[in-house]
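Let me begin by presenting the structure, written as structure tokens, before commenting on it.
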Amino acid sequence: MTYRAEVFVTLKPVVNDPAGLTIKGGLHALGFDSVREVRAGKYLVLTLDADDEDQARSRVEEMTRQLLANAVIEDYRIELKVPSPSGGGQGGGLRT
Amino acid sequence: MTYRAEVFVTLKPVVNDPAGLTIKGGLHALGFDSVREVRAGKYLVLTLDADDEDQARSRVEEMTRQLLANAVIEDYRIELKVPSPSGGGQGGGLRT
Amino acid sequence: MNTGIVVFPGTWSDRDCAHALSDVLGQPARYVDHREERLDDLDLVILPGGFSYGDYLRCGAIARFAPVMEAVTDFANRGGLVLGICNGFQILQEARLLPGALLRNASCEFRCEWVNLRVEQSESAFTLDCRPGQVLRIPISHGEGNFFADPQTLEAIERNGQVVFRYCAPDGRVTAESNPNGSLGNIAGIANAHGNVVGLMPHPERACEDLLGSTDGLALFRSAIHALDRVAV
Amino acid sequence: MAIAVRRAQLQEVALNEDEYRAIVRAIGRDPNDLELGMFGALWSEHCSYKTAKALLRQLPTEGPDVLQGPGENAGAVDIGNGLAVVFKIESHNHPSAIEPYQGAATGVGGILRDVFAMGARPVAILDALRFGPLDGIVAHDRLRRATADRAGDIVLLVGADTGRDGIHGATFASVEMDERSAERRPAVQVGNPFLEKLLCEACLRLNELDGVTAIQDLGAAGLTSAASELAHRGHRGIDIDVDRISRREQGMTPYEAMLSESQERMLILVRPEAEAAARQVFDHFELHADRIGVVTGTGRIRIRDHGVSVADIPLKALVDGVPLRTPVASFPDRQPTVVMPAVEEPEAILLDLIASPNLRSRRPIYRTYDHQVQDNTVFGPGFDAALLRVPGTNKGLALTTDGNPWYVALDPYEGTKAAVAEAARNIVCTGARPIAVTNCLNFGNPERPAIFGQLQESIRGLADACRALDLPVVSGNVSLYNETSERNIPPTPVIGMVGLLEDLSLRCPSGFQEDGDLVFLLGETREELAGSAYLRLLGAPAEGRPPMVSLEMERRLQAAMLDSIGRGVVRCAHDVSDGGLLIALAESALYGGRGLRCPGIVGPISREAFFFGESQGRVIVSVAPRRVPELQQLMTSHHIPLYAIGVIGGEDFQVGSDIRLSLDSLRQAWETPF
Ligand SMILES: Nc1ncnc2c1ncn2[C@@H]1O[C@H](COP(=O)(O)OP(=O)(O)O)[C@@H](O)[C@H]1O
């Protein structure tokens with residue numbers, strides 16, 4: 001089966017975020033004063049084969065721990081899009 | 001009211017994604033052969049003030065169009081986390 | 001001193017390091033391919049600057065898994081001298097051979113310019129020839145050199161004397177203005193607890209000839225030669 | 001097929017009906033869609049230079065040191081020791097107008113490939129923030145010319161997968177942009193410097209193999225152009241199996257595969273017996289190479305898709321057959337000379353000028369890119385010209401680009417001459433002797449007579465200046481049709497120049513070196529203010545005649561400078577250009593961190609022209625007092641007028657009773673952030 005996983009990697013709250021600050025500055029300069037904070041992270045979309053949902057999830061978890069995120073500075077969250085048996089996939093149930 | 005918005009910025013499907021390709025290569029080198037594709041994008045978390053949900057949403061939409069995404073090569077998706085009146089926020093209803 | 005200069009896909013400063021070692025210092029040096037697994041012939045391993053794997057994901061994140069890195073880890077654990085410059089520093093941190101991480105520069109811009117470094121620790125293998133407090137003029141060239149460590153780690157590396165270089169003013173004062181990238185404590189380079197592994201953001205190999213503006217970078221390589229002499233004695 | 005039916009397609013490929021008829025004559029039938037697309041690409045202005053070609057024939061392209069003139073991926077010039085410098089200038093206007101960051105990135109990528117395709121390792125990139133002229137160094141016997149010279153050789157496509165990138169890029173570049181271009185934006189690509197680096201290393205390694213007969217980058221019009229040009233240059237033919245090309249997306253047609261402009265791809269020709277060795281190189285760098293075809297003796301390019309012929313065109317027609325265009329030229333009446341507003345507050349004007357965007361310090365920009373890697377940068381950004389050590393020697397290469405759009409707008413002939421003269425002066429100020437020129441001609445729509453007139457005059461100025469200064473033009477680029485919704489860009493020819501310094505220890509900096517040294521102005525100042533930064537600052541209308549260049553004077557001045565620097569007489573030299581004399585003096589003071597005391601105006605000249613005029617053919621130098629007699633003698637023998645200007649020293653920048661500014665306040669203005 002083919003799964004689609006979304007990995008969200010963010011800087012830990014204690015780590016300052018130069019990119020986020022710069023973007024916030026840019027938004028303020030554009031007149032969007034109501035923005036209080038911006039945090040910049042990564043959004044990785046993986047397509048992978050696995051026997052079942054559990055296997056897919058544990059593989060992505062492993063990849064993220066090993067490579068996709070750096071535990072010294074980053075947190076992560078994984079969302080697995082389960083291919084809905086009724087096809088369609090796209091709008092398929094979002095389960096985390 | 002303070003809202004939390006998540007903006008997901010991805011390269012358009014027709015645009016080549018050198019970062020995604022390289023990360024896929026890295027995962028393969030680590031033995032994760034089951035990965036078929038990786039697309040690398042940005043994940044921005046904004047905290048902003050707005051009178052109501054509609055205003056928050058349209059502001060974030062506007063910021064994304066003007067600054068956060070580059071329409072020439074990127075697509076985007078916005079998710080607004082509505083502050084749940086019963087506090088807690090964190091697990092609060094995800095409405096898109 | 002037999003030096004190995006590791007070349008990853010995307011490494012840029014390998015040739016500059018070879019130039020500094022062989023042409024300027026007259027020391028034997030060879031390139032080490034990222035797929036090599038044996039470093040027995042070497043006294044010093046340099047991980048040079050560049051943008052291994054395009055700096056995609058995080059600088060150094062993918063290079064850290066190259067086969068050669070297992071050998072580098074063994075080499076370091078056996079007391080071999082390892083110098084990580086710029087991207088090499090980032091790789092050493094990703095490989096956990098050095099603590100902390102390097103974030104985007106606070107300015108969010110790439111910076112290529114001359115900086116002044118104050119030598120904080122003259123006992124590391126790469127600063128034996130320096131006096132504590134000595135100021136070296138060496139260029140930087142990076143977009144992600146903003147040193148970060150969590151408070152406990154930072155406290156520990158400060159306490160253990162693992163901070164080797166700090167960005168400073170020409171007179172040696174450590175000031176906010178002399179910090180080019182937002183590094184915590186103006187940290188420009190650190191060592192492991194044994195002092196045989198050092199990583200720094202500035203490029204000493206670019207400061208080895210008067211013609212190019214400074215010879216202060218030679219101190220690091222000369223120190224390594226002396227460190228080896230010491231071991232040999 | 002009737003032309004009428006094809007009208008829409010012709011428009012799409014930007015060919016006119018006469019050109020269509022020429023195609024039918026050349027191939028003896030109507031072209032199919034793929035063939036028409038291929039003609040459209042190769043007969044585009046961008047690839048064929050159908051408008052500029054006749055004019056470019058005026059340029060001097062030969063000289064004793066020229067190893068490769070125009071016609072190859074890049075030009076090459078001998079620098080002694082068996083080494084050659086390879087260089088080239090490019091502009092990447094259309095994609096950059098739509099998406100500047102990726103446009104600039106792919107522009108740099110393309111020119112890098114031009115240089116390493118010649119077998120040279122790129123050593124430097126210059127940018128006038130419009131362009132990327134680039135240099136590389138290579139041993140003569142490794143200088144590579146991209147030619148298919150033997151039938152049976154194998155065609156390999158290496159590097160990135162082929163996607164639907166810029167399918168209309170080449171033809172699109174010949175059509176005026178309109179608002180609709182926005183819809184084509186996905187055509188912009190994301191550059192992959194990482195892959196480019198691997199390709200560069202692989203090509204340099206390949207260059208050392210015997211049996212690799214050609215290395216060619218894929219640029220505009222992609223594979224169609226690269227394959228056709230390679231085969232045609234060697235008077236051979238080429239067969240391509242389009243289905244063998246690795247694709248990034250499914251469902252791509254042969255048309256898309258042949259015309260794709262995906263970046264980071266190279267075409268390699270190898271003898272059959274060398275293929276294995278070449279593949280080893282690609283494997284080492286983890287690059288994949290598709291064997292997509294073979295060199296033939298047919299003189300034709302034949303494309304097959306799964307064995308079925310889909311295009312078959314004689315190369316001569318495709319590469320060389322485009323009917324040249326000779327548009328009508330018109331020339332404006334000579335402009336009146338301007339009235340010169342008097343300088344009321346010279347101090348304030350100097351500060352405003354040096355803080356103006358075109359004169360202030362470029363450091364905030366150049367510190368955001370690496371200008372030191374490769375350990376050869378002797379003078380980096382912030383000097384008159386960059387100076388690089390030639391690796392393994394004690395020689396230096398001086399590099400610069402120049403162009404003054406304001407002069408060119410007022411007078412394309414004089415303005416282009418001035419750009420050549422100024423580039424040469426910049427090179428000479430470092431102590432190096434100019435050896436060759438590259439150029440990039442950026443103009444609007446040449447079908448408008450006024451614009452074709454500008455182009456014609458500009459090329460005439462380029463040719464005259466290069467001939468007078470004995471400089472061969474070895475490469476270049478022409479970018480026309482830079483017009484959006486009827487608005488044309490100002491004419492902006494850019495000159496790139498390379499100079500050779502035989503002994504790096506004789507290099508000459510541009511900042512003041514020693515307190516007590518005397519500063520002299522070499523050359524004549526005239527009442528010339530039109531086109532000046534000073535008048536622009538005052539908001540005066542752009543009119544009048546820009547400074548005239550006497551090529552004879554320029555030649556003498558440069559000889560005199562080389563003589564003086566070579567004998568170690570001058571300690572610093574800086575050319576007087578944008579902003580005029582005071583700006584040049586202030587810059588040398590700032591570079592050197594030393595003040596200056598000048599008694600005041602010298603010569604029978606107005607204060608405005610003396611302070612801020614931009615008369616050409618002038619340089620300031622500083623000299624130790626005891627060597628002043630030598631300088632005077634040298635200048636007399638070269639017939640160069642010499643004026644004592646002031647003495648170096650102190651904390652202030654002082655000119656007569658008009659100006660007294662601390663260096664700090666001057667620096668503050670100069671360092672105004674962007
Ligand atoms: N203005 C010019 N002056 C001299 N040579 C030129 C000029 N414009 C183009 N050339 C030469 O003509 C050849 C073809 O140019 P071009 O089509 O731009 O090459 P590419 O597609 O490789 O960039 C090159 O050798 C280039 O150097």
Side-chain angles (χ1 to χ4, degrees), chain A residues 1-11 13 17 19-52 55-56 58-69 74-77 79 91 94-96, chain B residues 1-11 13 17 19-20 22-52 55-56 58-69 74-77 79 90-91 94-96:
Chain A
M1 289 256 266
T2 302
Y3 293 82
R4 198 180 117 102
E6 301 185 334
V7 182
F8 307 87
V9 181
T10 47
L11 285 171
D17 174 6
L21 283 174
T22 306
I23 297 170
K24 184 173 94 173
L27 289 171
H28 284 185
L30 282 175
F32 296 106
D33 303 318
S34 59
V35 177
R36 291 202 182 178
E37 198 188 2
V38 178
R39 300 287 289 178
K42 286 169 215 150
Y43 172 53
L44 302 163
V45 183
L46 278 67
T47 318
L48 77 160
D49 294 328
D51 294 340
D52 55 36
Q55 195 190 45
S58 75
R59 279 193 180 157
V60 176
E61 182 80 33
E62 193 53 35
M63 294 177 209
T64 307
R65 281 203 309 105
Q66 280 192 38
L67 179 68
L68 305 180
E74 292 170 331
D75 290 330
Y76 64 86
R77 194 176 90 229
E79 283 183 16
L94 184 82
R95 282 157 50 186
T96 326
Chain B
M1 288 258 267
T2 301
Y3 293 81
R4 198 178 116 103
E6 301 185 334
V7 182
F8 308 87
V9 182
T10 47
L11 285 170
D17 176 5
T22 310
I23 296 169
K24 183 175 89 173
L27 288 170
H28 283 185
L30 279 177
F32 296 107
D33 303 317
S34 59
V35 176
R36 290 201 183 181
E37 198 189 0
V38 178
R39 301 285 291 179
K42 286 173 222 147
Y43 172 55
L44 302 163
V45 183
L46 279 69
T47 318
L48 77 160
D49 294 329
D51 294 340
D52 56 37
Q55 194 190 46
S58 75
R59 279 194 181 156
V60 176
E61 181 81 32
E62 193 52 34
M63 294 177 209
T64 306
R65 282 202 310 104
Q66 283 191 35
L67 182 72
L68 307 180
E74 293 171 331
D75 289 331
Y76 63 85
R77 196 177 88 230
E79 284 183 16
Q90 205 47 321
L94 183 83
R95 280 158 48 187
T96 326

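- Taking each heavy atom of B:Leu67 and A:Leu30 in turn, the nearest pair found is CB-CD1, 3.8 Å.
- Put simply, of B:Glu62, B:Arg59, B:Met63, B:Gln66, the one with the most heavy-atom pairs under 4.5 Å next to chain A is B:Met63.
- Atom OG1 of B:Thr47 and atom NZ of A:Lys24 lie 9.0 Å apart (nearest 0.5 Å).
- One finds the CZ atom of B:Arg39 at 12.0 Å from the CG atom of A:Leu44 (value rounded to the nearest 0.5 Å).
- Of the listed residues (B:Leu48, B:Asp33, B:Asp49), the one with the most heavy-atom contacts under 4.5 Å to chain A is B:Asp49.
- Residue A:Leu27 holds its CG atom at 6.5 Å from CG of B:Leu46, rounded to the nearest 0.5 Å.
- For the set B:Gly26, B:Gly31, B:Gly41, B:Ala50, the count of heavy-atom pairs under 4.5 angstrom toward chain A peaks at B:Gly41.
- Atoms CD and CZ, on A:Glu37 and B:Arg4 in that order, are 9.5 Å from each other to the nearest 0.5 Å.
- Closest non-hydrogen pair, B:Tyr43 versus A:Thr10, comes out as CE2-CG2, 3.4 Å.
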